[in-house]
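In this chain, residues are counted from 1 in sequence order.
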Amino acid sequence: MAKPPSSASTMYSSPTYTQGSRPSSSSNPSFAGAGLRVPTNRKTIYDRNLNRSRNAELSRASFAFLFMEMVTYAQKKIKSVSDFEKKLNEQGYPLGMKLLDLLLYRSSPAGSSSSSSTPAARPLRILPLLSLINNKLYTLLFSRPADSLEQDTADPSKYMIIDNTPLTNTYISVPKEMSQLSVAAFIAGIIEGVCDGAGFQCKVSAHNQGTDVWPNRTVFLVAFESEVMEREKELERQGVK
C-alpha cells in the first residue's frame, strides 16, 4: 500500500530540476540579479493600498469586532471616564506616529508617480498640518475627509476637527451611566500622534456634541502647547507658509 503524503509535503513542494541544470534569470525573473527583486515600476509595499478587499474598503464587521475588543481591553481596571478615554487615546497614538511617515512618503517623489523633484517635507505651520489631517489622513483611514475644521475664536491655540459620523461610534453602545464617554478618543489619539510626530506638541480630546441630524457628531479639540504658538508667530513674521 502506498504511503500517504505527509501534511508538510502537501502544503509545500520544492521545485525539481534535472541533474546539472540551474535556474537562469532569463527563464525565471525571480532569480534575476543579486539580492531582493525590485518591481519594474519601482513601487514598494508602502505604495499599496492598505485595504485589498472589494472596493478597497475593510469589512466594517471586521473593524467592529476588532474595535469592540479594544474597547473591552481599555475598560479593564479603570476608575473614571477620563481613564477610559486616556487608554483609548494611548491605543491610537502610536498608529498616528506611523501614519504620518506613510503619508509623507506617499507625497514624496519616491512614493508617487510624480516627476517632481521637490521632496515632501513635514508641515512647518499649523494650518498645513491640520489640513493634512483633515483631508489626507481622514481619507486614508475612512475614505472621506473630515466634515469641518475650525479655530476657537476665544483661544487661537485651539482648533476643532469635526466628524459628524465617526466610525468608532457606529457599533459601540455606551451605557447611560457613562454618557460622557466618547470612544472616538481612539481617533483623537491618532490625531495627537500625527501632530507630535510632526513636531507640534498638543493634546487632543474627543467630545460628544450630537444633534438631531447627527446624533454621533464628535468634535476633536486640538490644543497646541505654548511653544508651538510662539514658533507659529515667528514663522508668520518671517513669511514662512
Side-chain angles (χ1 to χ4, degrees), residues 50 58 60-103 126 129-152 155 157-211 214-225 228:
L50 296 181
L58 179 67
R60 291 201 171 191
S62 300
F63 173 81
F65 175 78
L66 178 60
F67 189 65
M68 179 187 65
E69 293 298 320
M70 294 171 62
V71 171
T72 302
Y73 178 80
Q75 191 176 4
K76 297 178 180 179
K77 297 181 180 181
I78 60 169
K79 297 181 180 180
S80 63
V81 172
S82 59
D83 289 343
F84 202 160
E85 293 182 342
K86 182 180 179 181
K87 284 190 175 183
L88 291 172
N89 185 292
E90 291 173 350
Q91 289 179 352
Y93 185 88
L95 179 59
M97 297 283 285
K98 295 178 181 179
L99 285 173
L100 172 64
D101 292 332
L102 178 62
L103 288 172
I126 290 178
L129 171 68
L130 295 179
S131 178
L132 177 73
I133 295 172
N134 190 77
N135 297 308
K136 292 187 177 181
L137 175 67
Y138 243 76
T139 301
L140 176 65
L141 292 175
F142 308 115
S143 301
R144 61 174 179 83
D147 294 294
S148 180
L149 173 61
E150 302 175 6
Q151 185 178 18
D152 192 332
D155 189 347
S157 66
K158 295 182 179 179
Y159 290 79
M160 294 170 287
I161 298 175
I162 301 174
D163 188 348
N164 292 330
T165 55
L167 184 60
T168 52
N169 297 34
T170 305
Y171 304 102
I172 302 297
S173 178
V174 180
K176 292 182 179 180
E177 61 271 17
M178 303 181 69
S179 58
Q180 295 181 346
L181 171 66
S182 176
V183 293
F186 174 71
I187 301 177
I190 296 177
I191 297 174
E192 187 172 332
V194 171
C195 293
D196 282 3
F200 292 78
Q201 288 71 27
C202 67
K203 294 296 182 183
V204 183
S205 54
H207 304 271
N208 297 326
Q209 293 190 3
T211 64
W214 308 109
N216 289 329
R217 182 176 182 268
T218 300
V219 175
F220 299 100
L221 182 62
V222 185
F224 291 100
E225 302 290 346
V228 175

Quick check for you: to the nearest 0.5 Å, what is the distance between [X] atom [atom1] and [Y] atom [atom2]?
| X | Y | atom1 | atom2 | answer |
| --- | --- | --- | --- | --- |
| N216 | T168 | CG | OG1 | 8.5 Å |
| I187 | L88 | CD1 | CG | 10.5 Å |
| K136 | L102 | NZ | CG | 11.5 Å |
| S205 | E85 | OG | CD | 8.0 Å |
| Q91 | L95 | CD | CG | 11.0 Å |
| M70 | I172 | CE | CD1 | 10.0 Å |

Do [X] and [Y] have side chains that get closer than 4.5 Å, going by heavy atoms?
| X | Y | result |
| --- | --- | --- |
| I190 | L99 | yes |
| W214 | T165 | yes |
| K86 | I78 | no |
| K203 | F224 | no |
| I133 | I191 | yes |
| H207 | T218 | no |
| V71 | F186 | no |
| V222 | M160 | no |

* To do: Test side-chain contact (heavy atoms from CB on, under 4.5 Å) on L100 and L132 and set out the steps.
  => CA-CA 9 Å; L100 172 64; L132 177 73; 4.2 Å; yes

* State yes or no: are the ring centers of Y171 and F67 separated by less than 6.0 Å? =>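 Here the rings of F67 and Y171 have centres that are no less than 6.0 Å from each other.
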
Between [X] and [Y], which heavy-atom pair has the shortest distance, and what is it?
| X | Y | result |
| --- | --- | --- |
| G96 | V194 | O-CG2, 3.3 Å |
| D155 | S157 | OD1-OG, 2.7 Å |
| C195 | C202 | CB-SG, 3.4 Å |
| S131 | L149 | N-CD2, 4.4 Å |

* To do: Please step through side-chain contact (heavy atoms from CB on, under 4.5 Å) for the pair E150 and Y159, ending with a clear verdict.
  => CA-CA 6 Å; E150 302 175 6; Y159 290 79; over 6 Å; no

* Asked: Does L181 offer a backbone N or O that forms a donor-acceptor pair with the side chain of N208 under 3.5 Å?
  ->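 Side chain of N208 to backbone of L181, a donor-acceptor pair under 3.5 Å: yes, one is there.
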
* Apply side-chain contact (heavy atoms from CB on, under 4.5 Å) to V183 and N169, showing your working. => CA-CA 6 Å; V183 293; N169 297 34; 3.6 Å; yes

* Charged N to carboxylate O below 4.0 Å: is that the case for D163 and R144? ->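 A salt bridge links D163 with R144.
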
* Should we count CD of Q201 as having more than 12 external heavy atoms under 6.0 Å? ->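 Enclosed.
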
* Trace of the side chain to side chain donor-acceptor pair (under 3.5 Å) decision for Y93 with E192 -> CA-CA 6 Å; Y93 185 88; E192 187 172 332; 5.7 Å; no

* Asked: side-chain contact (heavy atoms from CB on, under 4.5 Å) between I162 and F220: does it pass, once the steps are laid out?
  -> CA-CA 6 Å; I162 301 174; F220 299 100; over 6 Å; no

